[in-house]
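Numbering of ligands and ligand atoms starts at 1, following listing order.
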Amino acid sequence: MEIIIRSSPEEAATTVADVVEPYVRRGNTVLGLATGSSPVAAYGELARRHREDGLDFASLSTFLLDEYIGLPEGHPETYFAVIRRDFVDHVNLDPQRVHSPNGNSDDVFGEGARYDAAIRAAGGVDVQFLGIGTDGHLGFNEPTSSLSSRTRVKTLTDRTRKDNARFFDSEADVPRHVLTQGLGTILEARHLVMVATGSAKASAIAKAVEGPLSAFCPASVMQLHPHCTVVLDEAAAAELTLTDYYKSVVANKPPQQPW
Ligand code: F6R
């Protein structure tokens with residue numbers, strides 16, 4: 001795991017864009033997208049590179065991590081709508097190749113297996129954006145999620161519903177159920193790129209990065225992944241203990257070593 005600590009959320013976003021850009025330039029990449037606030041600035045930076053430097057997304061396919069169950073189609077807080085607003089509408093991604101789990105499926109319990117099969121058929125995710133919940137969730141895999149889980153229906157914790165109430169009129173409007181890629185599904189992506197900023201994430205980051213591997217902190221499953229980049233600002237890194245080492249690794253990174 002490579003831990004990159006930047007002095008501000010803006011610098012963290014630039015670093016995330018730097019890590020992802022070579023995959024976009026390569027073409028035919030399968031990009032895994034996260035929603036929520038954490039990746040928004042990095043999406044903005046990638047969109048700027050599209051606008052100003054011609055960074056070309058035309059050949060890419062994308063898969064979202066998760067989706068609420070039961071929000072009416074067209075609701076502005078479905079992750080289907082959010083990712084269009086935050087990213088897809090600002091680059092030249094083909095909307096036909098922007099995939100998300102169908103939270104309104106008639107067969108919501110069969111939807112997970114269909115979604116995993118679609119990811120597989122596309123060749124698997126090359127690079128996966130990730131955020132982290134204050135309770136350590138990854139995707140919407142809440143504490144005690146199986147570390148080998150597949151895409152499926154999950155129930156949100158009250159804490160997550162409280163955290164996400166800011167996007168809705170009230171906490172009661174936040175759906176209780178979601179479809180989320182499983183932790184086993186997420187681990188199959190070839191490169192994981194997590195971004196976390198702000199002090200509210202400091203405790204979850206410390207547990208995920210330096211704590212024991214545990215289903216009680218689902219994001220700790222990143223420790224099993226062979227290629228995982230964690231990009232933080234100082235506030236999100238505040239409860240880590242080996243900070244000087246992480247900084248010296250980045251400062252002394254061999255020039256030819258890719259992210
Ligand atoms: C969203 C997702 C979640 C969020 C997490 C953090 O697709 O999978 O795990 O990344 O809830 O949300 P923010 O970034 O809003 O703090």
Got a salt bridge between Glu239 and Lys201, using NZ or NE/NH1/NH2 to carboxylate O under 4.0 Å?
no

Can you report which non-hydrogen protein atom sits closest to atom 2 (C) of ligand 1, along with the distance?
Asp66 OD2, 3.2 Å

Atoms in ligand 1 flagged as close to Thr35, the criterion being non-hydrogen separation under 4.0 Å:
1 (C), 7 (O), 10 (O)

What part of Leu65 sits under 4.0 Å from ligand 1 if we count only heavy atoms: the side chain, the backbone, both or neither?
side chain

Salt-bridged, Asp135 to Lys162, with N to O below 4.0 Å?
no

For atom 16 (O) of ligand 1, grab the closest protein heavy atom and report residue, atom and distance to one decimal in Å.
Lys201 NZ, 2.6 Å

Protein heavy-atom partner closest to atom 14 (O) of ligand 1 - residue, atom, separation in Å:
Ser38 OG, 2.5 Å

Could you work out, for atom 10 (O) of ligand 1, the closest of Gly131, Ala219, Ala196, Ser100 by heavy-atom distance?
Gly131

Mode of Ile132 contact toward ligand 1 - side chain, backbone, both, neither (heavy atoms, under 4.0 Å)
backbone

Applying ring pair (Phe, Tyr, Trp, His ring centres under 6.0 Å) between His99 and each of Phe63, Tyr115, Tyr79, report the one that passes.
Phe63

Please determine if Asp107 and Arg114 form a salt bridge, counting it only when a charged side-chain N lies under 4.0 Å from a carboxylate O.
yes

Once the angle between the rings of Tyr68 and Phe140 is folded into 0 to 90°, is it parallel (under 30°), tilted (30 to 60°) or perpendicular (over 60°)?
tilted

For ligand 1, indicate whether the residue Gln181 contacts it via side chain, backbone, both or neither (heavy-atom separation under 4.0 Å).
neither

Side chain to side chain donor-acceptor pair (under 3.5 Å): pairs with one or both residues in residues 249-259, sequence neighbours excluded
Glu2-Lys253

Looking at Gly139, which atoms of ligand 1 are within less than 4.0 Å of one of its heavy atoms?
2 (C), 3 (C), 8 (O), 9 (O)

Between ligand 1 and Glu67, can you find any atom pair, the residue atom being a heavy atom, that is separated by under 4.0 Å?
no

Residues forming a side-chain contact (heavy atoms from CB on, under 4.5 Å) with Asp158, sequence neighbours excluded:
Arg161, Arg176

So which heavy atom in the protein is nearest atom 5 (C) of ligand 1, and how far is it from that ligand atom?
His137 NE2, 3.3 Å

Cation-pi, Phe80 ring and Arg84 (6.0 angstrom, 45 degrees)
yes

Short list, please: which atoms of ligand 1 are under 4.0 Å from a heavy atom of Ser37?
13 (P), 14 (O), 15 (O)

